[in-house]
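Hydrogens, waters and symmetry mates play no part in the numbers below; they use all other heavy atoms, side chains included. Position 1 is the first residue of the sequence; numbering continues from there.
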Amino acid sequence: MEQLFDEFHAVLEAKGLILNEGKIIDASFVVVPRQRNTHEENKKIKDGESGGLWNGKDETHKKIHKDIDARWTKKRGENFYGYKDHAKIDGKSKLIDNYCVTSANVHDSQCSDVLITEADEGQDVWMDAGYVGKEEDFRRKKVTPIICEKGFRNHPLTDAQKDSNRLKSKVRSRVEHVFGFMEQSMKGLIFRGVGIVRATFNIGLTNLVYNLFRYTQLVNGKAVLAK
């Protein structure tokens with residue numbers, strides 16, 4: 001799947017649709033059917049000791065339906081179970097430039113080493129407040145991080161910071177259009193398979209198909225490049 005994605009990405013570059021005038025990074029949850037495990041089973045899975053689970057004579061069929069790679073996490077008080085699609089999009093065309101797949105509990109910033117490449121050098125990279133404190137990591141990669149600020153206990157955002165965030169969000173929010181299309185039009189942020197290998201293929205395919213949709217919109221004049 002990575003090869004297919006890269007080959008079509010080369011086509012997009014050749015047609016001048018990857019403009020490299022700024023990138024946007026974000027991640028979206030890809031949910032999977034929730035597992036019904038005991039507390040002991042969940043502990044062994046979390047501790048990497050799942051090899052001894054469901055090996056009984058009558059549990060073979062049960063084992064093939066158990067996803068030991070998906071993980072729970074919580075965001076804004078809501079629980080999610082599954083994986084994450086970490087994506088870097090071209091800020092002008094809203095085409096997916098690169099991606100990384102992890103379990104849902106991996107912090108968004110952990111994929112920056114994969115997402116940011118030498119081709120991004122000299123560009124602005126727009127991110128949400130989850131990347132606060134990671135600025136130097138991006139500067140070392142020779143890109144300019146533009147990160148929405150966040151308030152802390154007893155240190156709320158000032159009016160100036162709120163105004164700055166609004167301006168940053170006008171650009172950063174373009175990535176939400178990408179994930180919104182995947183969720184609403186493609187129904188692509190649900191995975192019904194088992195395991196991170198299959199999930200990585202499925203999510204990679206979703207990203208590729210999104211790029212195909214976006215390409216047709218751009219070449220048929222149904223969408224325009226952002227200014």
Any Val30 side-chain heavy atom under 4.5 Å of Lys84 side chain: no
Transitive ILVMFWY side-chain link Phe80 to Val106, under 4.5 Å: no
4.5 Å side-chain heavy-atom contact, Glu176 and Asp26: yes
Under 3.5 Å: donor-acceptor pair, side chain of Asn202, backbone of Gly193: no
Ile24/Val125 under side-chain contact (heavy atoms from CB on, under 4.5 Å): CA gap, chis, key distance, verdict: CA-CA 6 Å; Ile24 308 171; Val125 180; over 6 Å; no
Hphob cluster co-occupancy, Leu95 + Val114, side-chain heavy atoms under 4.5 angstrom: no
Close side-chain approach of Phe179 and Val175, heavy atoms under 4.5 Å: yes
Among Gln110, His86, His107, the one residue meeting side chain to side chain donor-acceptor pair (under 3.5 Å) with Thr102: His86
Asp120/Lys141 salt bridge by N-O under 4.0 Å criterion: no
Approximate separation, where rounding is to 0.5 Å, of Asp97 CG and Ile25 CD1: 10.0 Å
Ile147 vs Lys168 side-chain heavy atoms within contact, under 4.5 Å: no
Neighbour count >12 (heavy atoms, 6.0 Å) for atom CD, Glu7: yes
Any Val209 side-chain heavy atom under 4.5 Å of Phe213 side chain: yes
Straight-line distance of Ser28 OG to Leu189 CG, nearest 0.5 Å: 4.5 Å
Distance-minimising heavy-atom pair for Asp108 and Ala27: OD1-CB, 3.6 Å
Whether over 12 other heavy atoms sit under 6.0 Å from Arg198 CZ: no
Residues Asp85, Ile203; criterion side-chain contact (heavy atoms from CB on, under 4.5 Å); working and verdict: CA-CA 7 Å; Asp85 182 6; Ile203 294 168; 3.4 Å; yes
Non-hydrogen atoms of Ile96 and Phe5 that approach each other most closely: O-CZ, 3.4 Å
side-chain contact (heavy atoms from CB on, under 4.5 Å) between Val143 and Asp124, intermediate numbers included: CA-CA 6 Å; Val143 298; Asp124 294 335; over 6 Å; no
Short side-chain to backbone donor-acceptor contact, Thr158 and Gln161, under 3.5 Å: yes
Closest heavy-atom pair and its distance - Tyr81, Arg34: CD2-CA, 3.9 Å
Contact summary for Gly82 and Val32, nearest pair of heavy atoms: CA-CG2, 3.8 Å
Reported OG-to-CD1 distance for the pair Ser164 and Ile146, which is rounded to 0.5 angstrom: 9.5 Å
Distance, nearest 0.5 Å, that separates OG of Ser103 from CG of Asp67: 10.0 Å
Asp69 side chain to Ile196 backbone, donor-acceptor under 3.5 Å: yes
Where Asp90 and Glu21 come nearest, the two heavy atoms and their spacing: OD1-N, 4.5 Å
Heavy-atom side-chain contact between Pro145 and Tyr131 under 4.5 Å: no
same_hphob_cluster(Leu115, Met127) at 4.5 Å side-chain heavy-atom cutoff: yes
Closest non-hydrogen atom pair between Tyr215 and Leu12, with its separation: CD1-CD2, 3.7 Å
Same apolar cluster (I L V M F W Y, side chains within < 4.5 Å links), Met1/Leu212: yes
Check against side-chain contact (heavy atoms from CB on, under 4.5 Å), Ile116 and Lys88: CA-CA 8 Å; Ile116 300 297; Lys88 179 186 69 179; 4.2 Å; yes
Carboxylate-amine/guanidinium proximity below 4.0 Å for Glu78 and Lys75: no
Point-to-point distance, once rounded to the nearest 0.5 Å, from CE of Met186 to CE of Met182: 6.0 Å
4.5 Å side-chain heavy-atom contact, Gln123 and Thr144: no
Set of residues satisfying side-chain hydrogen bond (donor to acceptor under 3.5 Å, both in side chains) with respect to Asp128, sequence neighbours excluded: none
Enclosure of Phe181 CZ (heavy-atom neighbours >12, cutoff 6.0 Å): yes
Near-ring test Tyr83/Phe29, centroid separation under 6.0 angstrom: no
Lys134 NZ: over 12 foreign heavy atoms closer than 6.0 Å: no
Any donor-acceptor pair under 3.5 Å from Asn105 side chain to Trp72 backbone: no
Shared hydrophobic cluster, Val178 / Val101 (ILVMFWY, side-chain heavy atoms < 4.5 Å): yes
Reported CZ-to-NZ distance for the pair Arg214 and Lys94, which is rounded to 0.5 angstrom: 5.0 Å
